[in-house]
Structures are given as C-alpha cells and as structure tokens.
Amino acid sequence: MAAVSSIGILSASLMVLAKRSQPVVVLYGLAASIFGGALFSLSQPPDWLRPFSYLFPHTYVLNGVRSALMDDPGTFVMTVPDALLGLGVTTVVIGGVGLFLFHRSLQVARELGLLSGY
C-alpha cells in the first residue's frame, strides 16, 4: 500500500500542475505490468531491458508472492526477504522523490496562481 501511495503522490504532483493525471497513471500501469513480470517472466526480455524492471514495485510484489505460494515459481526467482527488501527500498525512493516533487509542484502552482481552480 505504501508503494502504491508513493506512486499516487507522484501522480498528484502532476495533477496539481497539469490538472490531468489519467494519462500518466495509464502509462504507468502498462509499464508496470510489462516490466513487473505480470505478463511474462522477467527472464525473457533482453538483458539491456531487464534492469528497468527493478524500478517498479510490482516486480517485487509479484516475485515475492510467487515465491511464497508456488512450489516452482519459474526461472526468475526472488526470495520473499529479497522481495520485501526491494519493495521497501523502492517505496522509500519513490516516496521521497514523490514528496519532493509534490512540494515543488505546489510551490510552482502557488507562484503561477493555479491553485485557485481547486
């Protein structure tokens, strides 16, 4: 929940400035399902594309659940403690960046007078 909230804060920072966030959320959902391993195993994409999967919290959630619930989770195996550690790190990083960008977007919106629409 914390990881999804961090992503929501990032989306909210864009919504304050552009008054639209739906395209970003849709693009993020698509990228998270592709890079997170929901559609196919993370051992299948090319080697140069695989590091991008570690940027999405969905990677750690899906692999942790697969390791915990399945006898044979597949070729890309991440243990539950590793998945929890990765999820925690990405949550802290995304949350920190999200809070900074939200604070900055509020400052810019105040300077430009965009907050009067709310």
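Source: prediction; values computed, not measured.
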Trainee: Main chain of V80, side chain of S67: is a donor-acceptor contact present, judged purely on distance under 3.5 Å?
Mentor: no
Trainee: Which pairs pass ring pair (Phe, Tyr, Trp, His ring centres under 6.0 Å) with one or both residues in residues 27-46, sequence neighbours excluded?
Mentor: Y28-F56, Y28-H58, F35-F56
Trainee: Under the 3.5 angstrom rule, does the side chain of T59 hit a backbone N or O of S53 as a donor-acceptor pair?
Mentor: yes
Trainee: Quick check for you: to the nearest 0.5 Å, what is the distance between M78 atom CE and L85 atom CG?
Mentor: 10.0 Å
Trainee: How long is the gap from OG1 on T90 to CD1 on I7, to the nearest 0.5 Å?
Mentor: 8.0 Å
Trainee: Looking at CG of L55 and CD1 of I94, how far apart are the two atoms once the value is rounded to the nearest 0.5 Å?
Mentor: 8.0 Å
Trainee: Provide the closest heavy-atom pair for G64 versus A83 in the form atom of the first, atom of the second, distance.
Mentor: CA-CB, 3.6 Å
Trainee: What closest approach, in Å, do L62 and A38 show between heavy atoms, and which atom pair accounts for it?
Mentor: CD1-N, 3.5 Å
Trainee: Under the 3.5 angstrom rule, does the side chain of Y54 hit a backbone N or O of Y60 as a donor-acceptor pair?
Mentor: no
Trainee: Once you round to the nearest 0.5 Å, how far does CG of D82 lie from CG of L87?
Mentor: 12.5 Å
Trainee: What's the separation between atom CG in L99 and atom OG in S6, rounded to the nearest 0.5 Å?
Mentor: 7.5 Å
Trainee: How close do F52 and W48 get, heavy atom to heavy atom, and via which atoms?
Mentor: CE1-O, 3.9 Å
Trainee: Drop me the distance from H103's NE2 to I9's CD1, to the nearest 0.5 angstrom.
Mentor: 13.5 Å
Trainee: Identify the heavy atoms of L17 and S105 that sit nearest to each other, and give their distance.
Mentor: CD2-O, 3.5 Å
Trainee: Report yes if some heavy atom in the side chain of L42 is under 4.5 Å from a heavy atom in the side chain of N63; otherwise report no.
Mentor: yes
Trainee: Hey, are R110 and Q107 close enough side-chain-wise for a donor-acceptor pair under 3.5 Å?
Mentor: no
